[in-house]
Structures are given as structure tokens and as C-alpha cells.
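A short write-up of the structure that comes next.
Sequence lines set the chain letters: A, B, ... in the order given, protein chains first and strands last, and positions in each chain run from 1.
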Amino acid sequence: MKTRRLVILSAFAALVAGCASMAPTPDYDALMAQMMSSSFRDEGIAKVDRLQQDEANAACSKAQGAALPDSVANPIQEAALKSVRMPADGVFLGDWREGEKLAQNGRGMTWTDKSAAPGANGGNCYNCHQITQAEISFGTIGPSLYNYGKLRGVTDPRSAAARPVVEYTWTKLWNAKAYNACSGMPRFGHGGLLDETQLKHLMALILDPKSPVNQ
Amino acid sequence: MRHTLIIAAAVVLAGPALAQQKSAADGIAEYRAMLADGNPAELFEAKGEDLWKKKRGPKNASMEQCDLGKGQGVVKGAFVELPRYFADTAKVQDLESRLLTCMERLQGFDAAAIAKTPFGKGEQLSMEGLTAWISAESRGLKFNLPQAHADERKTYELGKRAFFYRGGPYDFSCASCHGQPDKRIRLQDLPELTRNPGNGVGFAAWPAYRVSSGEMWSMQRRLNDCYRQQRFPYPGYVSDVTIALGVYMGVNAQGAESIAPALKR
Amino acid sequence: MQTRREMLSRSAQVAGMLAALGMFPGMATAQTAPYNTAAFDAKTMAELMKSLGAGAPVESKDVTITGPDIAENGAVVPVGASTALPGVKRMLLLVEKNPAMLSALFDVGDAVEANFSTRVKMGQSSNVFAVAMMNDGKVLYAAKEVKVTLGGCGG
Amino acid sequence: MADPMRIRAQAAGDKTTVRVLMAHEMETGQRKDAAGKTIPAWFIQEVTAQLNGKTVLTAQWGPSVAKNPFLQFNLKGAKAGDKIGISWVDNKGDKRSDEATVS
């Protein structure tokens, strides 16, 4: 599969090269930058500075869906891992009921939203993930999280045995790029999209043995 | 056949969760089929045809001399070849930017003022009708965007880059939702727009009547709301990035049959 | 060449003229009962039936309600009410959990079948009813549950 | 004045299926605008159908009929060439009448 894509890519490159011999290749980086800056304007809380890319987004954009080489991906993942702040009080789980509300809520950060504060944001989780079995309106961009804790053998989230899964999950929510440089998941903690309390509620939704997710 | 086998295998593997998902998808398919007959977009098509033929604007002229790419006044088949390069403006234009050119040159309207008008207001209402009718005149035809002009190829490449451009607080790009096959957001199927996603899907389904809001949405409005949900800043109406994305999606949709104006959630 | 709209508006003008001349017998004789505000305000089946001067409805296999099991969007839900029984006076379409139950009421004449389809708004998942009010005073109904799913991105 | 309706009437044997689309907001009176003010109800209340000028159907609608309403019904005994007239009146007294030929 991967080889085939490579072959197609190189054939395309040959084509482009063929054209280039007739006319100078446009400076696409410059044209792209010019196009983006001339096409967008501020609206509400969504300002044009949102177009600025950090290293990770720049690299993943440039890859156009292909996997990054390890030499590029690893530093991005290491930096992301370092960015993660574990909960100050050492408590990882909140209330799964609040977590379910956040998971259902698809609002936040658009130019029609009034505030960019975490309190105004939903988790958008069901947009991409199956979570409880009761909610049939769920997306499939991300993996199913139904039975997330149960499948990982979490019977007591406070136990030492559960610690690795709990910390992995917190890290994933805080900054998904820690494990996958081009993850499609928003960096909820790192980006200031959700606060610690909200993240704890989401943790409870998928890890609390009492949550419907783990029934 | 192959598809069925894959689904059958998946059901066996994933058990009850997927079986339920399947029935929800069936339910939605049934719902859409029940709505297929009697698309309110027809009401907008009738309006659009009238707007094309009626003398309007400061110059009291009709749009009948407008060249949508296939010669003055030729409407049939024009939609499935847009966006394309126009020599008289020396620009690659999509349907809506081309309509603005004609409204300005033939009828004397202020194109910049219309571009600044919010969707669903003033002359933007005319755009809803015009795009509905003009797309309907190409219903059943296959997309076949020209790529002969250097600017058309250049715009395609820029569109591709824009499609994969990640940014904003959620790190989303167009590809976040539309870069893979067979994905959904909630219950809505997401067309894979990096290739031809099939007849009447993705680029080949807009403009469309949105049942959720009871509004007619042009491709420009569709893209505008995509960027809103992508948590990006506001793309200008007929801005370069929106036209480049149109070229990218339109060229990728080569051979797909247009069902526009379609009926959408 | 006439546009569709011109044709439509011309026929509308003709229709308007005919109406003005009293040439639409139906309109001239105004068979339509006055708008039944009480029926369209009714919150319960009992209130509704009272406002229509009818008794309690009975479930019947001879009445059919059509609608999707799941509606992708509550703003537009296709529903239909029909029966093959003779002697139908009126057909109703109801949505149990809407602020007011009654969506549409159709008076059935000799030239029209007791079979109507339209589209309604639904605020939430609910039963929808088709009700047939018969000439002999019987009131028959069929019910079906329609689930209304959330929208795409909730934004 | 309100926009025209789209009426299609197709005969098959002695049954004619009539499909109508009407351009109307069908505002429920329950919604609020951006400023928090209730948007007043505005909806079609009465619909009438005529076959060759004779009333064959009268209907009353509430505000829960969907925006840009669709209506389908079947006529007995109509044939190709017959005229179908549809009229509506809304709660503000606005009216619209259109006509189509059975095909």
C-alpha cells in the first residue's frame, strides 16, 4: 500500500518536473503564504493569528497525510510529552456524568462562540468517537472508546496497577501529539481548550468502572 | 460484493456495537430516501432562472450575456467545468466569483459590496437562486474541470496545500475530516475529498438545500462553515483560498456525476 | 421563451382572476371550516379530541403512519397518514411531544384518497400519530416512534 | 408577494399523485432571535386543492409543519390535461395560488 503511494508520488513528481522544464516552477511556499494571509480575516474570537503554525502543524501539513520520518516525528513527540502537566493534586478522575455532558458538547472556539475560555468549550468527543453504547450518534474518525477502561483491565483507577493506563490517558487528552506527531485529536490541555477539572471528568467517563462506558 | 464481505467480517469482529451502528446508518438512509422526492431546492431553482433572465441592477440588464466558461449565455454544462481560468479577468474563478464579475460588468452591481454582504441577505439571496439554477442545468453531467492553463494547475497545487493546512486551536485541516475513506462525524458520512468520492457525493452535491436550517447553501457558504467548524478565522467570500479548494476538490472529482442542488442535513 | 417562474406567476394570476370572478366554486362557497385554533393549541390527545368534537381514539391496524425510525434532523421529518377504510371524514398528523400536538388536519372528500404525506418539525424523539376520524364518529389511530438524532457537530 | 409553488401532478391509471412544494418560513413563534426577542409565529394555516376548479381537498396546518412545506396526496379520477390548483393562506393573511396540469 505504502509502496504504491510512493510510486504514484514519484510519477507525479516526474510529471511536475516535466512541466518545470518548460516553465519555471512557481514558488509555492511564497504563493501559499500570500494566499492564506490575503484570504482570511478576524471574526469574533477567531483571529488571523490562528493561521500561524507551530513546528508540528507545519510538518504535518507539509506531509499531506503521509507518515513523518522518525527524525522529524520523534522530536515533536518528545516535546509534546514534556508539555504535559499531571493534575496538581494527583487525582486523575472526576465525575463521569459531567464527562458525558462534555463529550456530548460539540461547541467551542468557533467565530460564532462568544468566549474562548475552557468553560465555554465542549469536548467534541462524540464527533469522532463511540463512547457509551446508549449514544448512537457518534463519529468514527477516532477509535471506539466503548469499554475503554474495562478492556484495559482497570478495576480501580487509583491503584498502582492502573497507573500506567491512567497516565497514558491523561497524556493523550492533554497533548495527543505525545504519542503521534500528526494525531488528529486536539491538544485539549496543552492548547488550553479544557481545564484540569474538565479533563478529570472526561477521564472518569472512560476510566471509572461505574461509568456506562465500562458496563 | 467485496464491500458486503468486509461489513460482514467487521460485524462478526466488533459484535453488537457495530450491529447497532449499522441499523442507525440504515435508519438514516431510510430517512434520506423519504426526503429525496420533493427537494425544496426546486423553489430556489425557479427563482434563479428568473434572476438570470430578468433585467436588473443599475444597468437594467439581464445575465443572459454572461460567459460561465462555455461561451456567452451558455449555462448547460458550465457548472461541471468550474472553477476554471477566464482570460477576460485573467483569473481562475469559481461559479460565484464568475457570477459577481457578470453582475458587475453586465448589470452594474458592486461586486465587492455583494462579497461583503452576509449570507442569506440582500444580493446574497440572488446568489442562492442563481447557483441553484445554474447547477441544476448541469444535473446528471460529470465533473470535468479543465487543467490546461498553467494558472489552473497552479491553483490546484495551492488548493492541495490549503486542504492539508493544519492550524487553529484544534490543529484541524480539511483533511482532518475529509482525508480518509468511510469516516463519519456523529452520524454524517464524510466524503474523502482527496480523490473522486463517487457520484453525487462531496463536491458533486453542492449547492444544497440544508434541512437543518431550511436554507440554500452554495459551495462558498459550505466552505465558509467548514472553516468555522475547523476553528479557523473567517475566509472571505470568493477569496483565493476558497477558489483554490474548489479547483482541488473539483479536479479530484473528475468523472463524478453532479446531483446539485442536492438535499442535505 | 417563458421561464418557469413566469409560467407559474402567470398561472397564479389566472388563478387569482378566477378566484376573484368566483370561478373557483370551492373557494367561493368556502367549504373550509374556520381555522381551529383550539385544536392547534391542544397539548394532549384528550384536549385535541375535545376541540374537534370527537371521542377517544382507538388503535387500529387499518390506519397507517409512515415515518423514519430515525430522523437525521428534527427540523424536517417526513411523515404520512393513510387508511384504505371507506367513510373517512378527516385525517390528522400528530407529534406527541411537540409543544402542540397537532401538525396537520386534512378534510377528506370524494375525489381524494385518505393518504397524505408532509414533513413536520420535531423538537425531540417522540411518537407520531396518524388519526382517522370516520363519518360514523369512530376515531382510529396508529402510532410510531421516531428518534431524532443530534446534529453534526453540535456547533 | 410570496414565491411561487412547485406543483407536480402525475396520472397513473385512475390515480393522480400530486406533489407540492411551497416557499414559506413556517416560523413557530417559539424561537428567539440573536437579541433574545421571540420571533413571531408565521405559518401557513389553510391549504386548498382544486381539480378543474372544484375543491377536492381542504387542510389546516399548525406551525410544526416544516419550513418550505411539502405536501403529497392522491386524486381519484383525474386524468392527463386536468388542471390542479393549490392555494394557501397564512396566519398574516398572505395568500398564494398556483396551478399545474396533470401529466
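One N or O on the side chain of A:Ser61 and one on the backbone of B:Arg166 form a donor-acceptor pair closer than 3.5 Å. Side chain of A:Arg41 to main chain of B:Pro233: no donor-acceptor pair is present (N/O by atom type, distance under 3.5 Å, no hydrogens or angles). Counting only distance, with no hydrogens or angles, the side chain of B:Arg231 and the backbone of A:Gly108 share a donor-acceptor pair below 3.5 Å. B:Glu157 contributes no side-chain N or O that, together with a main-chain N or O of A:Tyr28, makes up a donor-acceptor pair within less than 3.5 Å.
Taking CE of A:Met35 as the reference point, atom OH of B:Tyr165 lies at 10.0 Å (rounded to 0.5 Å). Once rounded to the nearest 0.5 Å, the distance linking CG of B:Asp240 with CE of A:Met32 reads 11.5 Å.
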Evaluation steps, side-chain contact (heavy atoms from CB on, under 4.5 Å), between A:Glu135 and B:Arg186
CA-CA 10 Å; A:Glu135 180 51 86; B:Arg186 288 280 187 168; 3.9 Å; yes

task = With side-chain contact (heavy atoms from CB on, under 4.5 Å) as the test, would you mind laying out the steps for B:Asp171 and A:Lys177 before giving the verdict?
result = CA-CA 11 Å; B:Asp171 306 323; A:Lys177 289 182 190 295; 3.8 Å; yes

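For A:Met36, the part sitting under 4.5 Å from any heavy atom of chain B is the side chain, from C-beta outward, and nothing else. For A:Leu193, the part sitting under 4.5 Å from any heavy atom of chain B is the side chain, from C-beta outward, and nothing else. When heavy atoms are compared at a cutoff of 4.5 Å, A:Ser144 does not approach chain B at all. Neither the backbone nor the side chain of A:Asn147 comes within less than 4.5 Å of any heavy atom of chain B. The parts of B:Ala162 that come within reach of chain A are both its backbone and its side chain, each placing non-hydrogen atoms under 4.5 angstrom from that chain.
Here B:Asn224 is the residue among B:Val238, B:Ile28, B:Thr242, B:Asn224 with the most heavy-atom pairs under 4.5 Å with chain A. Highest contact tally toward chain A, considering only B:Gly168, B:Gly167, B:Pro169, B:Ser176, is held by B:Pro169 [criterion: heavy-atom pairs under 4.5 Å]. Heavy-atom pairs under 4.5 Å with chain A were tallied for B:Phe163, B:Phe172, B:Phe164, B:Tyr227; the largest tally goes to B:Phe164. For the set A:His129, A:Glu43, A:Met185, A:Lys62, the entry with the most heavy-atom pairs within less than 4.5 Å of chain B is A:Glu43.
Looking only at side-chain heavy atoms (C-beta outward), B:Gln229 and A:Thr110 stay at 4.5 Å or farther from each other. The shortest side-chain heavy-atom distance between A:Asp42 and B:Tyr234 does not fall under the 4.5 Å cut-off.
Under a cut-off of 6.0 angstrom, the local environment of CD in A:Glu55 is sparse, with at most 12 non-hydrogen atoms contributed by other residues, nucleotides or ligands. Counting non-hydrogen atoms of neighbouring residues, nucleotides and ligands closer than 6.0 angstrom, the NZ atom of A:Lys47 exceeds 12 such neighbours.
Heavy atoms only, all atoms of each residue included: A:Ile141 and B:Lys183 are closest at CA-CD, 3.9 Å.
Cation-pi contact between A:Arg50 and B:Phe232: absent, since separation from the ring centre below 6.0 Å together with deviation from the ring axis within 45° is not met.
For the pairing with B:Ile185, the side-chain contact (heavy atoms from CB on, under 4.5 Å) check across A:Thr140, A:Asn127, A:Asn124 returns one residue only, A:Asn127.
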